[in-house]
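Read the structure below first, then the notes.
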2 protein chains.
Amino acid sequence: MQSKDTDDNRSFVSNARRAQIVEAAIETVADVGYANASLARIAVRLGISKGVISYHFSGKDDLIAEIVRQVLQRARAYMQPRIEAQTTGPEILRAYIESNLEFMRDNPNQLSAVVEIVRATIAGAKSPFTGNRDGAVHILAELLARFQAAGDFRADFDPNAMAIAIRAVIDAAPGRLADPAFDIDRYAREAVTVFHRGTCVTGA
Amino acid sequence: MQSKDTDDNRSFVSNARRAQIVEAAIETVADVGYANASLARIAVRLGISKGVISYHFSGKDDLIAEIVRQVLQRARAYMQPRIEAQTTGPEILRAYIESNLEFMRDNPNQLSAVVEIVRATIAGAKSPFTGNRDGAVHILAELLARFQAAGDFRADFDPNAMAIAIRAVIDAAPGRLADPAFDIDRYAREAVTVFHRGTCVTGA
DNA sequence: GTGTCTTTTGACTGCATGGCCAAAAATTAG
DNA sequence: CTAATTTTTGGCCATGCAGTCAAAAGACAC
């Protein structure tokens, strides 16, 4: 094993095992919370010995990083085309919010796990995922700023503050998915409306 | 000691010690994150033995609950008069958002700690603070619904979804306070504007 | 079937945690 | 000053954690 592992460096079986472990880890985190998601618990969920995890991953950090990497890749793959299909600022913003929340609705565990991992590791200490969070905000802020300059949005809001608010509203959803009274589609509609009204020159 | 402790049940010195420990615990949580805020760390910050904490509190849960209780009480004391001074729906909503964020700005550690405690303990397992979070959302939702019925707000948004979004935007602030580039006053202004535009019939 | 390589097991380490407690120290009362 | 009480100390548990490892089990080529 080299330090820079590629998928092709590993056998089919090995890759399947890794995928299996990643999946179990996602479920475990979404289920019992990041703080309680120990290697032992993940192993029990799979019915294997926890040594197997150590064999296939260099450590817990490696496993967690792999979760974040995989989920964000899938989320990006789902969202990106939907966002890029739009042309105007308001349309893009709507597609951004909607595709984010749709992905959460259809893959509830995955983003729940990632949001929790990022939050838990960022709190207090420096984390390998700080750049991840700030990166998402920054990309959104740039987007807002671009279309603000183009006149698609009102000129007098701070793109950075707005981006933080938008992401806050989106990232609050996973933690509510467990509540049966929470209607994420309804929530998405409200979020779209609020930020449309909040960013555009004219009302709805 | 009885199980239902009142302040008056304890000596002055004892209450002072408790307050001191609570304060140190708040700072520790805000500093190193809830996950790393062990009794040992809190004790070191105070320069005392960790047994002292066990002596003054029935356990870690007790200490944490006391933090939440005290901070929320202070926050309520700050916010409530400011909110009740308003009469119309939009004014109340503005006062709600502004007073929340002002309290965070002036007491950065306190609400950082509480938000993190509530988030960390709610994730995955059932927590003594679940009702706390849902209660805050519920109160806000009722408020929105009341003034929606009165015609102060547009009639076609879901008060519950809106309340969740508003709290999400507010609760995202503490985690950003450490970032020197984050201007919480600016953030408050944008939040007020967004939700004013999002809830009212006419634009800004 | 034999030998090689991969994978899994289960026991083990070292560490940090929350909680506990007897003895020491400090405080207060008489 | 002495005795009773409150408070603090520092060491001690049991538990759960991530990570390690030798040995067993399995897969597979020949």
Side-chain angles (χ1 to χ4, degrees), chain A residues 1-3 5 7-22 24-25 28-29 31-67 116-117 120-121 123-125 127-128, chain B residues 1-3 5 7-22 24-25 28-29 31-67 116-117 120-121 123-125 127-128:
Chain A
M1 294 252 185
Q2 309 166 325
S3 62
D5 284 338
D7 285 2
D8 315 278
N9 267 356
R10 289 183 278 262
S11 74
F12 283 112
V13 208
S14 176
N15 273 324
R17 212 25 158 183
R18 279 174 64 95
Q20 208 180 16
I21 293 169
V22 165
T28 306
V29 170
D31 197 28
V32 301
Y34 179 70
N36 302 323
S38 64
L39 294 186
R41 267 192 131 109
I42 296 166
V44 165
R45 179 175 289 254
L46 274 172
I48 60 175
S49 159
K50 77 178 173 154
V52 182
I53 301 178
S54 293
Y55 178 75
H56 288 282
F57 294 88
S58 75
K60 196 183 185 184
D61 294 349
D62 187 26
L63 171 57
I64 297 300
E66 184 69 12
I67 293 177
E116 218 185 301
I117 288 169
T121 59
S127 144
Chain B
M1 294 254 183
Q2 308 166 328
S3 63
D5 283 339
D7 285 1
D8 315 280
N9 267 356
R10 288 182 278 262
S11 73
F12 284 113
V13 207
S14 176
N15 273 323
R17 209 29 155 184
R18 278 175 65 96
Q20 207 179 16
I21 293 170
V22 166
T28 307
V29 170
D31 197 28
V32 302
Y34 179 71
N36 300 323
S38 64
L39 294 185
R41 268 190 129 113
I42 296 166
V44 165
R45 179 175 291 253
L46 274 172
I48 59 175
S49 158
K50 78 178 171 151
V52 182
I53 301 177
S54 294
Y55 178 74
H56 288 281
F57 295 88
S58 75
K60 197 185 186 184
D61 295 348
D62 187 26
L63 171 57
I64 297 301
E66 184 69 13
I67 293 176
E116 217 185 301
I117 288 169
T121 60
S127 144

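Please read these numbers as outputs of a predicted model, since none were measured by experiment. Numbered from 1 within each chain, the chains take letters A, B, ... in sequence-line order.
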So CD1 of B:Ile53 and NZ of B:Lys60: to nearest 0.5 Å the spacing works out to 9.5 Å
Separation of B:Leu63 atom CG from C:dT17 atom P, in whole Å? 15 Å
Which of the following nucleotides, C:dG19, D:dA18, D:dT9, is nearest to the side chain of B:Ile48? D:dT9
Using OP1 and OP2 only, check whether a side-chain N or O of B:Ser49 sits under 4.0 Å from D:dT8. no
Of the listed D:dG19, C:dT9, D:dT8, the closest approach to the B:Val52 side chain comes from D:dT8
Of the nucleotides C:dG18, D:dG19, D:dT9, which one has an atom closest to the side chain of B:Lys50? C:dG18
For atom CD of A:Gln20 and atom P of C:dT7, their distance in whole Å: 13 Å
Pick the nucleotide of DNA chain D nearest each of A:Ala35 and A:Ser58; which residue has the one closer to the 5' end? A:Ala35
So does A:Phe57 get a backbone contact from the side chain of A:Arg18, meaning a donor-acceptor N/O pair under 3.5 Å? no
In whole angstrom, give the distance that lies between atom CG of A:Asp61 and atom P of D:dA18. 10 Å
State which of D:dT8, C:dT9, D:dG19 makes the closest approach to the side chain of B:Arg17. D:dT8
Between CZ of B:Arg18 and P of D:dT7 the distance, given in whole Å, is 12 Å
Length of the CD1-C1' vector between A:Ile42 and C:dT8, whole Å: 17 Å
Can a side-chain donor-acceptor contact be found between A:Arg45 and A:Thr28 if the only test is distance below 3.5 angstrom? yes
Please report the shortest heavy-atom distance between A:Leu63 and A:Ile42, naming the atom on each side. CD2-CD1, 4.1 Å
I need the CG-P distance between B:Leu39 and D:dC12, as an integer number of Å. 20 Å
Using 0.5 Å steps for rounding, measure from the NE2 atom of A:His56 to the CG atom of A:Asn15. 10.0 Å
Spacing between A:Ile53 atom CD1 and D:dC17 atom P, to the nearest angstrom: 12 Å
Starting at CG of B:Leu46 and ending at C1' of D:dT9, how long is that distance when rounded to a whole Å? 15 Å
Of the options C:dT9, D:dC17, D:dT8, whose atoms approach the side-chain atoms of B:His56 most closely? D:dT8
Where the side chain of B:Tyr55 is concerned, which of C:dT7, C:dT9, D:dT8 is the nearest nucleotide? D:dT8
Tell me what A:Ser54 touches on the nucleic acid: a base, only sugar-phosphate, or nothing, going by heavy atoms under 4.0 Å. base
